[in-house]
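Comments concern the structure below.
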Amino acid sequence: MQLFNPSASSPQPLQLRPYQRDIISAVENSNSLRQLIIAGTGTGKTFMAANIIKRALALGKKSLFFTHRNTLLTQSAEEFAQIELPLGWISSGSRVDLTQPVQLVSLQTLAYWSQEQLSELIKKFDQVIFDECHITNWFTIAQFFCPPIPSTPPFKVIGLTATPWRRSKYESLADYYQTPHVAPLPSVLMAQGFLSPFVYFTINKISRKNLKIEKNGEYEKPGQKAQVNTPEYIDKVIAEWVRLAKGRPTIVFAVDIEHAHAIASLFSQAGIPAAAVDGTMSLKERKKNYQQLENEQILILVSCEALSEGFNVKKVSAVILFRLTTSRAKYFQQIGRGARLWPGKSNCLVLDAVGLIDGEKFGFLEDLTEEDFAIFESEQRPSFSHSPKKTCENCSAMVPAGLRVCSYCNHPFPLPEKGANGTIFSEMKLTVPLSQQEKIDFYHDLLRQAYSQQKSFNWCDRQYKMRYGQHPHVQWRKGAIFGDDPTPKQKSAYQQYLKAIAQQAHLSQDWIQANQWEM
C-alpha cells in the first residue's frame, strides 16, 4: 500500500493557475450581469474571487462579498489579505465602515438592515459576489441584490459554488445566473496534479430499511444514531482507520453533536488524539482545534456540520463518512475537504462507515462529468450516473470495475470471462462493457508513448478525449509505464520525466510530488 509521508514544510504562497487565469479573464470580458463560477473544492474559488475583486478595484470599482457563515467570512478575509485587499466588515460584532471599497458581508446581519440602508449600500458598490451561491442565493435578503430572472440586478452579480445542485427539482441556479464559467473537471485537475487523488473504501454499512426521510429531505437522525452511535460500531470504524489510515490527519462527519463527541472520545481512549467541534463553540475555539490538526497534535477532528464549509486544513488526507445524506452537494462538499494539495500528501482516503458511496450512488469525485455541472432550468435536470465499481478483496478499496489490478494495493483481480452478449462477467457479480478494458489499454498506450517522447499527461488526456468523448479515470495511470513493481532506476528516470514536464509547463515542486503516486 502507499504510505503517507507528511512533510513539515508549508506550501509556497498561491500563484494563479492557468485555469484560474482563464476563468478570471472570462468574467472580466463578459458583459453579462449574472455570471456563475463553478469550481470544485480545492480549485481556489475564493482566491479567484479575490483576484477578480482586485482587478475591479484597479478600475475604481467596489465589491461586496456575501457569505452565510461567519467562519466563511473569516476564511475569506485571510485569503483576501494575501493580496492586500482593503476590507470592511458587515457582520455581527463588527463596526461598519463603508469607506472601504471591499466589504465582507454576512447575510444574516444584512437581514436586519432597513430598506433605506440597503438602497444606500447598493448605490455605493459596483458588483456583488455570492459565496456558496447554491445556498446564499436562496436567502430572502439576497434577492434584494440578485432578484430571480427575468428581473434585472442592480449591478454585476457573480456566484461561486463547487456543487451547483439544489435538492428541490423546483429550484436551480439557472433561476439566478445566465453565464457559467466552469473549471476543469476534478478528474482533469487530479491528472494535472492540481488536486489530490482519492482512494475510496467501504468499511461498514447501516440499514436504511426503517429510516424515515424528514421534511428537509434528509434521513432521520434518531434512526441513524441507533445504529452508529454505539461503542461496538465506533470501535470497528476505529480499527479500520488504524488498518488503512493510521497517522493521517483525518476529519469525520457525524450524525449530530452527541455522536461527534462520542466518536472523538472513543478515538482518544484508543490512544489516538482526537477532538470534536460544533456550532456551540466560539470561532476561536474551533480554530484552535484546526491548528492542532494541522500541527498533528490531534489526528482526528469530528463534527456534524462545522467542517462541511469554510474548513481549510490542506494537510487532511483521510475523510470518514459516519452519517447518511441524500444531498449530492453535501456529499461532495464533505469529501472535497481532502482534495487540496500538501507537500508529501500522495492521496486522500475516503472511509465510508455507513455505506453512503454505494448506497446513494453518488460515485467518486472524479466521476463527475461536464453534464453534472451544466446549469439546467428547474424541473429539467437530468438524472446523474457513474461508472461501475468493484471492491478489492485484499484491501477493500473501491475502484473502477474495469481495472485488472487494484490501483491502491496492486492486488490482481480474477480474469473476467466474456459472456455471449459481449459483456464481461467478473467474479464480483458486476457487469462491465468490454470496451471499458479497451479504453484502459488505450490510455496505458498513450501514457507509455508520452513518457518515451517526453510529452505531458495533458497530451494523453486530450488524445483519449478525442477518441472517447470523455476524460480518462485518474486511477488508470497506476502502473501504466513500468508495471506494478518499478526498479529504483525506473523510479529515478520517472522523477526526471516529471521534472522535465514541470519545467516546460512552469509547474511547482508540489505538482511533481503530487504525481509520484503512480509509481
Side-chain angles (χ1 to χ4, degrees), residues 19-20 22-24 26-27 30 32-49 52 65-69 72 76 107 128-139 142-143 145-149 153 156-190 195 216-218 308-310 325-337 339 360-386 470-471:
Y19 67 86
Q20 293 173 332
D22 291 344
I23 289 174
I24 291 169
V27 169
S30 174
S32 172
L33 287 178
R34 298 174 179 268
Q35 301 191 55
L36 176 64
I37 296 175
I38 304 173
T41 302
T43 55
K45 293 185 300 300
T46 308
F47 190 60
M48 283 189 272
I52 289 170
F65 186 86
F66 288 172
T67 72
H68 63 298
R69 295 185 190 274
L72 292 175
S76 300
L107 284 169
V128 60
I129 298 178
F130 284 90
D131 194 20
E132 305 291 349
C133 64
H134 61 283
I135 297 173
T136 51
N137 273 110
W138 273 263
F139 277 60
Q143 298 183 23
F145 298 87
C146 182
I149 296 171
K156 186 175 185 178
V157 178
I158 301 169
L160 305 176
T161 183
T163 50
W165 314 299
R166 295 285 294 177
R167 197 194 307 272
S168 171
K169 68 178 181 179
Y170 301 107
E171 298 173 344
S172 167
L173 283 171
D175 298 338
Y176 293 97
Y177 296 98
Q178 294 170 314
T179 308
H181 308 286
V182 185
L185 293 173
S187 59
V188 175
L189 295 176
M190 289 179 192
L195 289 181
N216 64 1
E218 286 286 16
S308 293
E309 299 163 342
T325 181
T326 60
S327 168
R328 294 178 83 241
K330 182 173 288 187
Y331 167 76
F332 284 115
Q333 288 278 357
Q334 289 175 174
I335 65 175
R337 300 300 108 192
E360 297 300 324
K361 296 181 170 49
F362 292 142
F364 296 170
L365 182 64
E366 52 269 38
D367 284 335
L368 292 172
T369 66
E370 284 92 347
E371 188 176 44
D372 290 314
F373 292 114
I375 303 303
F376 294 90
E377 298 293 335
S378 300
E379 300 188 76
Q380 295 181 358
R381 289 171 291 173
S383 59
F384 300 102
S385 61
H386 59 85
Q470 61 189 69
H471 291 283

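Computed from a predicted structure; not experimentally measured. When a residue number appears, it is its place in the shown sequence, counting from 1.
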- Roughly how far, to the nearest 0.5 Å, is the CD1 atom of Ile24 from the OH atom of Tyr19? 10.5 Å

- Taking only residues two or more places apart in sequence, or in another chain, which ones meet Phe130 in a ring pair (Phe, Tyr, Trp, His ring centres under 6.0 Å)? Phe66

- Item | Any Arg328 side-chain heavy atom under 4.5 Å of Leu368 side chain | yes

- Query: How long is the gap from CG on Leu107 to CG on Asn137, to the nearest 0.5 Å?
  - Reply: 9.0 Å

- Who are the ring pair (Phe, Tyr, Trp, His ring centres under 6.0 Å) partners of Phe139, not counting sequence neighbours? none

- Item | Reported CD-to-CG distance for the pair Glu132 and Leu72, which is rounded to 0.5 angstrom | 6.0 Å

- Query: Can you tell me if Thr67 uses its side chain to pair, donor with acceptor, with the backbone of Arg69 under 3.5 Å?
  - Reply: yes

- Query: Should the ring pair Trp138 and Tyr176 be called parallel, tilted or perpendicular, given that the plane angle runs from 0 to 90° and is split at 30 and 60?
  - Reply: perpendicular

Listing, residues 35-45 side-chain donor-acceptor contacts under 3.5 Å, not counting sequence neighbours, or none:
from: Gln35; atom 1: OE1; to: His181; atom 2: NE2; distance (Å): 2.6
from: Gln35; atom 1: NE2; to: Val27; atom 2: O; distance (Å): 3.3
from: Gln35; atom 1: NE2; to: Ser32; atom 2: O; distance (Å): 3.3
from: Thr43; atom 1: OG1; to: Gly40; atom 2: N; distance (Å): 3.4
from: Thr43; atom 1: OG1; to: Gly40; atom 2: O; distance (Å): 2.4

- Message: Using 0.5 Å steps for rounding, measure from the CG atom of Leu185 to the CZ atom of Phe373.
- Response: 6.5 Å

- Item | Nearest heavy-atom neighbours spanning Leu160 and Ala49 | CD1-CB, 3.7 Å

- Message: Checking Asp372 against Thr369 for the side-chain hydrogen bond (donor to acceptor under 3.5 Å, both in side chains) test, could you report, in this order, the C-alpha distance in whole Å, the side-chain angles of both residues, the deciding distance, and whether it holds?
- Response: CA-CA 5 Å; Asp372 290 314; Thr369 66; 3.3 Å; yes

- Item | Partners meeting side chain to side chain contact (heavy atoms under 4.5 Å, CB included) with Thr46 (sequence neighbours left out) | Ser76, Glu79, Phe80

- Task: Heavy atoms only: give me the nearest Leu195-Pro186 pair and the separation to one decimal.
- Result: CD1-CA, 4.1 Å

- Item | Contact summary for Cys133 and Tyr177, nearest pair of heavy atoms | CB-OH, 3.8 Å

- All side-chain hydrogen bond (donor to acceptor under 3.5 Å, both in side chains) counterparts of Thr325, not counting sequence neighbours: Glu218

- Task: Work out which heavy atom in Arg167 is nearest to a heavy atom in Asn216; give both atom names and the distance.
- Result: NE-O, 3.1 Å

- From Arg166 atom CZ to Ile135 atom CD1, the distance as rounded to the nearest 0.5 Å: 7.5 Å

- Query: Say you draw a straight line from CG of Asp131 to NE2 of His68; how long is it, rounded to the nearest 0.5 Å?
  - Reply: 8.0 Å

- Item | Minimum-distance pair of heavy atoms, taken over all atoms of Trp165 and His134 | O-CB, 4.3 Å

- Message: Can you list everything that forms a side chain to side chain contact (heavy atoms under 4.5 Å, CB included) with Pro153? Sequence neighbours excluded, please.
- Response: Leu33, Arg34, Pro147, Val157

